There are 2 protein chains.
Amino acid sequence: MKFEAITIKDVAKALKLSISTVSKALRGSHEISEETKRQVLEYAREHNYKPNPIAQSLKRGRSKSIGVIVCNIDNNFFSQVINGIESVARQKDYNVIITQSQESYEREIANSAHLSSRSVDGLIISLSAETKNVDHLIQLHDKGLPIVFFDRVTDRIATHQVVADNQKGAYEGTLHLLKQGFRRIAHITSSSSLSITQERLEGYKKALTDAGLKPDARHIKFCQHGGMIPEETRQALTELVDLSDRPDAILTASDRLSTTTLSLLHQMKIKVPQEMALVGFTNSISAEIFSPSLTAIIQPALEMGQLTTDLLIRLIEARRPVTQFQKQVLQTQLIVRESSMRRTL
Amino acid sequence: MKFEAITIKDVAKALKLSISTVSKALRGSHEISEETKRQVLEYAREHNYKPNPIAQSLKRGRSKSIGVIVCNIDNNFFSQVINGIESVARQKDYNVIITQSQESYEREIANSAHLSSRSVDGLIISLSAETKNVDHLIQLHDKGLPIVFFDRVTDRIATHQVVADNQKGAYEGTLHLLKQGFRRIAHITSSSSLSITQERLEGYKKALTDAGLKPDARHIKFCQHGGMIPEETRQALTELVDLSDRPDAILTASDRLSTTTLSLLHQMKIKVPQEMALVGFTNSISAEIFSPSLTAIIQPALEMGQLTTDLLIRLIEARRPVTQFQKQVLQTQLIVRESSMRRTL
DNA sequence: TAGCTGGTCGCAAACGTTTTCGTAAAAAAA
DNA sequence: TTTTTTTACGAAAACGTTTGCGACCAGCTA
């Protein structure tokens, strides 16, 4: 199977011009007469000439593609972010190559190596739950690969970051539960090494403290694999439920954790919100039709993707080394629904 | 910003060998002595030499990447298919470039053109709801680009197809509703031009006919945009609800249609399943925690992605033109939950 | 007339590989 | 020893572009 395309050489031969003349004409060089340009452009259009992007990449040393590493595509938050990435990338004529780490450190390393060897011009990444060490990214960054982080970021690499205001989001979610009268509020969160985990945890603690409550370590459960292993979440929830002073509400820190927790509560026949209220970070488009409808802390996922990509492309196309880096912080939104109501609506 | 990598030339210079010797040594050619090979391999490993894939692509005329066009990534069915695609592609060392048509014919054309100009070695596609004409794909296929269809297929191009047994799936879903005692069963489906729409419609009709009921055209609603425009689904549902002999059950034909319909029923304060039962084609991982939990016809999405990719790669790597094409039909699975129960569980 | 200037265009190198072919030296056969 | 074969390597072309530079010609100036 061969896919034969017309090349610049064919155009040159047909028009009895040199290859370089054709090339310059196509790029509108001033060295070429208007008449010749017209001929070339016309012939190219008629015969549907498209420059071979691979040859261009080789020549220019840029591939016009960006790599993306997310933990999982099968998740509304990330798929929405990717929608944002794609929209900006397409508009600026970049390709997007998406890979999934599945929350695995190994796969994150493999993916980043693979992407860089595929000559992406830049990398967008949200760290995996297992990742504690970012040396693999530091190496790439030191070699000159532009990187922008979103969501799960690290300060060990000097570059742009795009995040939600996680602390505030968690604070508001917790505050809402407090206002509803819940007092023993637990927190199921992701790997403790993640930036989002730390920030959300702080917001959670701060809300409790501000309300005169003391955060209880037994009420805080970490899922090192970010909920990719269901058993992990089950374990965390079971421990909470078995506590002598069982919590009356839970704040979950991620999309997958939220849906898994709700699902497990169903299985355990624990009534939500009567026996256990729930507020979760989630961008699930179905949160409204959950049973009960789920009070959600929503991140502006689309915007995050767009902003991240915009920053990355600026980095890629910068003429001189960039030394000033931004940390963009976007606001979350709390949508109150049944799962956090003191009395069912 | 430049990303400097070590090239074969650097290796040659360092070892005082010619470029061709190094190249052959790296590929384990028999015409290079064991000693030289050892040296080259060692040096390459130590200095982390990676062949430049762009140069290789240019030389070989293959890019080791495959393009994917789906209507939407933000959807469990497609994201699971993509998981399948990715797993096989990665294993065979292919890159995957994912694009979304958003159910738009225009975008499908633009994406296919873009992907082919980006020199993908093959294309995986599930047609958009708006697509009635596949000339753009025929052109690419005629030029020699291997294509494999999944889910929403067309017979106008002679190539492999991977689909679910849509007719049987719809038949079983409808039959289940009938067995539960529902008699006025409506069907909300996608664009009538889609293969899946036709097949599911047939299954639905056959189940009714086999039960001695006559399919009623007023009970069948098409959404030309596949539910991407919420208003479209609302319109369809409203018309059904306003019928003098209002249906007592609905079979929805796609992931998005199912969740949207359930959501709209909530908004309309129509009790499910008491006033309106619901069975839907969906791969949503949250169907179990919907309110009520949603009876689902599940497609083996992961397998579909894997099979599709396997077939495509075989096509790409075929030494001689392939003339025998397969239509792989995978079985669906019906998961009965509350939304289709005559009496709530 | 001789020298300059602009305007057009082509030559050739370069990007990093792979691969065909040629060739020197070493080994084997005569 | 001479001839043939084998072994091990290098030169160069090719993939499709882009681009610096030189060549050529017309028209102009002095």
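All chains are named by letter (A, B, ...) in the order of the sequence lines, taking the proteins before the strands, and each is independently numbered beginning at 1. For clarity, every value in this text was computed on a predicted model and none was experimentally measured.
Rounded to a whole Å, the NZ atom of A/Lys59 is 4 Å from the C1' atom of C/dA14. Rounded to an integer number of Å, the gap from A/Lys13 NZ to C/dG10 C1' is 16 Å. Atom-to-atom, CG of A/Asp10 to P of D/dC15 comes out at 10 Å; the value is rounded to the nearest Å. Atom CG of B/Leu15 and atom P of D/dC9 are 11 Å apart (whole Å). In this entry the distance linking CD1 of B/Ile8 with C1' of D/dC9 reads 14 Å, nearest Å. Atom NZ in B/Lys9 sits about 13 Å away from atom P in C/dA13, given to the nearest Å. One can place CZ of B/Arg62 at 11 Å from P of C/dT19, the figure rounded to the nearest angstrom. Between B/Gln39 atom CD and D/dC9 atom C1' there is a gap of 13 Å when expressed in whole angstrom units.
Note on B/Thr7: only backbone sugar-phosphate atoms sit closer than 4.0 angstrom, heavy atoms only; bases stay farther off.
In this structure, the side chain of A/Thr7 engages the main chain of A/Lys9 through a donor-acceptor pair within 3.5 Å. Side-chain atoms of B/Ser101 do not come within 3.5 Å of backbone N or O of B/Glu108 as any donor-acceptor pair.
B/Ser104 pairs by the side-chain hydrogen bond (donor to acceptor under 3.5 Å, both in side chains) definition with nothing, not counting sequence neighbours.
By the 4.0 Å N-to-carboxylate-O rule, A/Arg152 lies close enough to A/Glu103 to be salt-bridged with it. Taking 4.0 Å as the cut-off between side-chain N and carboxylate O, A/Arg45 and A/Glu42 do not count as a salt-bridged pair. Between B/Glu35 and B/Arg38 a salt bridge is recorded (basic side-chain N to carboxylate O distance below 4.0 Å). A salt bridge is defined here as a Lys NZ or Arg NE, NH1 or NH2 lying under 4.0 Å from an Asp or Glu carboxylate O, and A/Glu31 with A/Lys37 fails to meet this definition.
Within the structure, the ring pair (Phe, Tyr, Trp, His ring centres under 6.0 Å) test picks out the following pairs touching residues 82-125 of chain A (sequence neighbours left out): A/Tyr105-A/His136. Here ring pair (Phe, Tyr, Trp, His ring centres under 6.0 Å) pairs that include residues 26-68 of chain A, with residues two or more places apart or in two chains, are A/Tyr43-A/His47.
Between B/Ser18 and A/Lys24, it is B/Ser18 whose nearest contact on DNA chain D lies nearer the 5' terminus.
Over its full length, the helix from C/dT1-D/dA30 to C/dA30-D/dT1 turns its helical axis through 70°, comparing axes from the five pairs at each end and rounding to 10°.
Sorted by residue number, the members of residues 48-58 of chain A with any non-hydrogen atom under 4.0 Å from DNA chain C read A/Leu58. Contact check of residues 25-37 of chain A against DNA chain C (heavy atom, cut-off under 4.0 Å) returns A/Glu31, A/Ile32, A/Ser33, A/Thr36.
Checked against B/His160 for a ring-ring contact (aromatic ring centres under 6.0 Å, His included), the options B/Phe150, B/Phe325, B/Phe149 give a single hit: B/Phe325.
A/Thr36 and A/Ser33 are linked by a side-chain donor-acceptor pair at a separation below 3.5 angstrom, with hydrogens and angles left out of the test.
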